[in-house]
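What follows is one structure encoded as C-alpha cells, with my remarks underneath.
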Protein chains: 2
Amino acid sequence: MSQNNNKIIEQINFGEGHRMTPQRRFVYEVLMGSIDHPTATEVFIRVKDKMDSISLATVYNCLDALVGVGVVRQVNVDREPSRYCGNLEPHAHFHCETCASVMDVDLKEGADPSNSVKLPRGAKVEKFELAVRGQCPECVRLKNKK
Amino acid sequence: MSQNNNKIIEQINFGEGHRMTPQRRFVYEVLMGSIDHPTATEVFIRVKDKMDSISLATVYNCLDALVGVGVVRQVNVDREPSRYCGNLEPHAHFHCETCASVMDVDLKEGADPSNSVKLPRGAKVEKFELAVRGQCPECVRLKNKK
DNA sequence: TTTTTATCAAGAACTATTCTAAATAATAAT
DNA sequence: ATTATTATTTAGAATAGTTCTTGATAAAAA
C-alpha cells in the first residue's frame, strides 16, 4: 500500500460520532490490495495475518461501515456469499458460469446502463448494478480444445 | 390463468428423464399469476392454498427446476432472499431503496446493456442482470410532501 | 408386473449473516 | 486529570434462507 493511499485512508469520514479504527483500516487496506472480490470470510482470513485478534463479526461491521460511507462496493452473486470490491469507478462485473470467477469490466466511454431502461416516470436513480454472465475467455479456450 | 397459458405450461420440457409434476405446475402458475417478485417462502404460501400437502423444500426444488429450464428468472437483491420472476422478456429491475419494492422495467427498444461494457476479448456472453436502484415515484412524491 | 428412476415431504443440517452482552477504547464533560 | 459517555470490538449464541438426507410415493421403463 503506497504512502499516498494511506493518506487517503485517513481521510475516510465515517460521519459525526464515528471513528476510523485499526480494524477498519486493515479491512480497507486488504480490499484495496485485492484484485479479486473477496467474501467477508476471505477478508477476515487476510486481515488476520496482520491483526490476529480481529473477529469475523468485526469484519462484517467494518465492511458494512465502509459500504455505508461509500468507499467500498458490495457485490452479490446469486445465492453466494456477498463479495466486496474496492474499485469505485463505475464498472460492471463479468461472472463466468463455468469457473465461477468474477471480474471487473469497465464501461465503454460515456456508456450508462441505466439509460437503456424505460424508468417509471418520476423515479430517482441512485446507482446501477450490471452483471454480465457467460464464459470467461479462459473457459471458452479450454472448451474449444476438447 | 388462461386456457392458452395452461397449454404452454404443458409444453415445458424439463429434459430427458425429467417430468412435469403437479407441484411444478402449481409453482409455475403462481409465478405467472404474480406481478410482484415473490420469494420462495411467498410462493410456498400461495401454492399451499391450492395444494396443502406441498412442502417448502419442494417449492425450492421446483423453482430450481424451472430456473434450470429457463422458464423462470431468479432475482437476487443484496443479502435478501432470492425472488422469482415469470417475466422472460429481457428486462431490468428497479429497486426502491426506500420502500424496498422491486419492479420490472422494460428495456428501451434495441437497447442491450451488455453492449455498454468492454468485455474481455474472447468472453462469451450468455445473459445480463441489470438492477437500477433509487427511489420509486411514490417514495419521491412522499418525500417531497414533507 | 417388476424394476428403475424421478420426485416429494418432513425435518435435520448447513452456512452466511446478524444479534447480544460484556469488555475495551476513544471522546467529551466535568 | 477524572469521570462519564459513546462507539467499537470480541466471542459466541441466535437467526434465517437454503440445501441435504431419508424414506415414501409415483411415474416411466422393462
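The chains referred to below are lettered A, B, ... by the order of the sequence lines, with proteins before strands, and numbering in each begins at 1. Small disclaimer: the values here were computed from a predicted structure and weren't measured.
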Can you check the [X] [atom1] to [N] [atom2] distance for me, whole Å?
{"X": "A:Ile54", "N": "D:dT8", "atom1": "CD1", "atom2": "P", "value": "14 Å"}
{"X": "A:Gln23", "N": "C:dA25", "atom1": "CD", "atom2": "P", "value": "10 Å"}
{"X": "B:Glu42", "N": "D:dG17", "atom1": "CD", "atom2": "P", "value": "10 Å"}
{"X": "B:Phe14", "N": "D:dA27", "atom1": "CZ", "atom2": "C1'", "value": "15 Å"}
{"X": "A:Met51", "N": "D:dA11", "atom1": "CE", "atom2": "P", "value": "11 Å"}
{"X": "B:Asp52", "N": "C:dA9", "atom1": "CG", "atom2": "C1'", "value": "12 Å"}
{"X": "A:Arg24", "N": "C:dA25", "atom1": "CZ", "atom2": "C1'", "value": "13 Å"}
{"X": "B:Phe26", "N": "C:dT7", "atom1": "CZ", "atom2": "P", "value": "18 Å"}

Hydrophobic clusters here meaning ILVMFWY residues chained together by side-chain heavy-atom distances under 4.5 Å, can you tell me if [X] and [Y] are in one?
{"X": "B:Ile54", "Y": "B:Met20", "value": "yes"}
{"X": "B:Val67", "Y": "B:Phe44", "value": "yes"}
{"X": "B:Val75", "Y": "A:Val117", "value": "no"}
{"X": "A:Met51", "Y": "A:Ile12", "value": "yes"}

A:Asn76 versus B:Asn76, side-chain donor and acceptor atoms under 3.5 Å: no

Just wondering, are more than 12 heavy atoms of other shown residues or ligands nearer than 6.0 Å to CD in B:Gln74?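 More than 12 heavy atoms, drawn from other residues, nucleotides or ligands, come within 6.0 Å of this atom.
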
Basic-acidic side-chain contact under 4.0 Å: B:Arg73, B:Glu129: no

In terms of side-chain geometry, is the basic nitrogen of B:Arg46 or B:Glu29 positioned less than 4.0 Å from the acidic oxygen of its partner? no

Contacts under 3.5 Å, N or O only, protein and nucleotides 21-23 of chain C:
none

For nucleotides 14-18 of chain C, list the nitrogen or oxygen atoms of the protein found under 3.5 Å from its nitrogen or oxygen atoms, one pair per line.
unit_1, atom_1, unit_2, atom_2, d
C:dT17, OP1, A:Ser82, N, 2.9
C:dT17, OP1, A:Ser82, OG, 3.3
C:dT17, OP2, A:Tyr60, OH, 2.5
C:dT17, O5', A:Tyr60, OH, 3.3
C:dT18, OP1, B:Arg79, NH1, 3.0
C:dT18, OP2, B:Arg79, NH1, 2.7

Do the ring planes of A:His95 and A:His93 sit parallel (below 30°), tilted (30 to 60°) or perpendicular (above 60°)?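 The rings of A:His95 and A:His93 sit tilted, inter-plane angle from 30° to 60°.
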
A:Cys99 SG to A:Gln135 CD distance, which is reported to the nearest 0.5 Å: 9.0 Å

What distance separates B:Ile35 CD1 from B:Cys85 SG, expressed to the nearest 0.5 Å?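 Reported to 0.5 Å precision, the distance equals 11.0 Å.
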
For a quick check of understanding: with a heavy-atom distance under 4.0 Å over all strands, which category does B:Asn61 fall into, base, sugar-phosphate or nothing? nothing

B:Thr21 vs C:dA6: side-chain N/O to OP1/OP2 distance below 4.0 Å: no

Is A:Thr58 near enough to D:dT10 that one of its side-chain N or O atoms lies under 4.0 angstrom from OP1 or OP2?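 Yes, because at least one side-chain N or O of A:Thr58 sits under 4.0 Å from OP1 or OP2 of D:dT10.
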
Hey, is the main chain of A:Arg19 close enough, under 3.5 Å, to the side chain of A:Arg24 for a donor-acceptor pair?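 Pair found, side chain donor or acceptor close to backbone of A:Arg19.
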
Can you give me the N/O atom pairs linking the protein to nucleotides 28-30 of chain C at distances under 3.5 Å, or say none if there are none?
none

Looking at A:Arg19 and D:dT6, is any side-chain donor or acceptor paired with a base atom of the opposite kind under 3.5 Å? yes

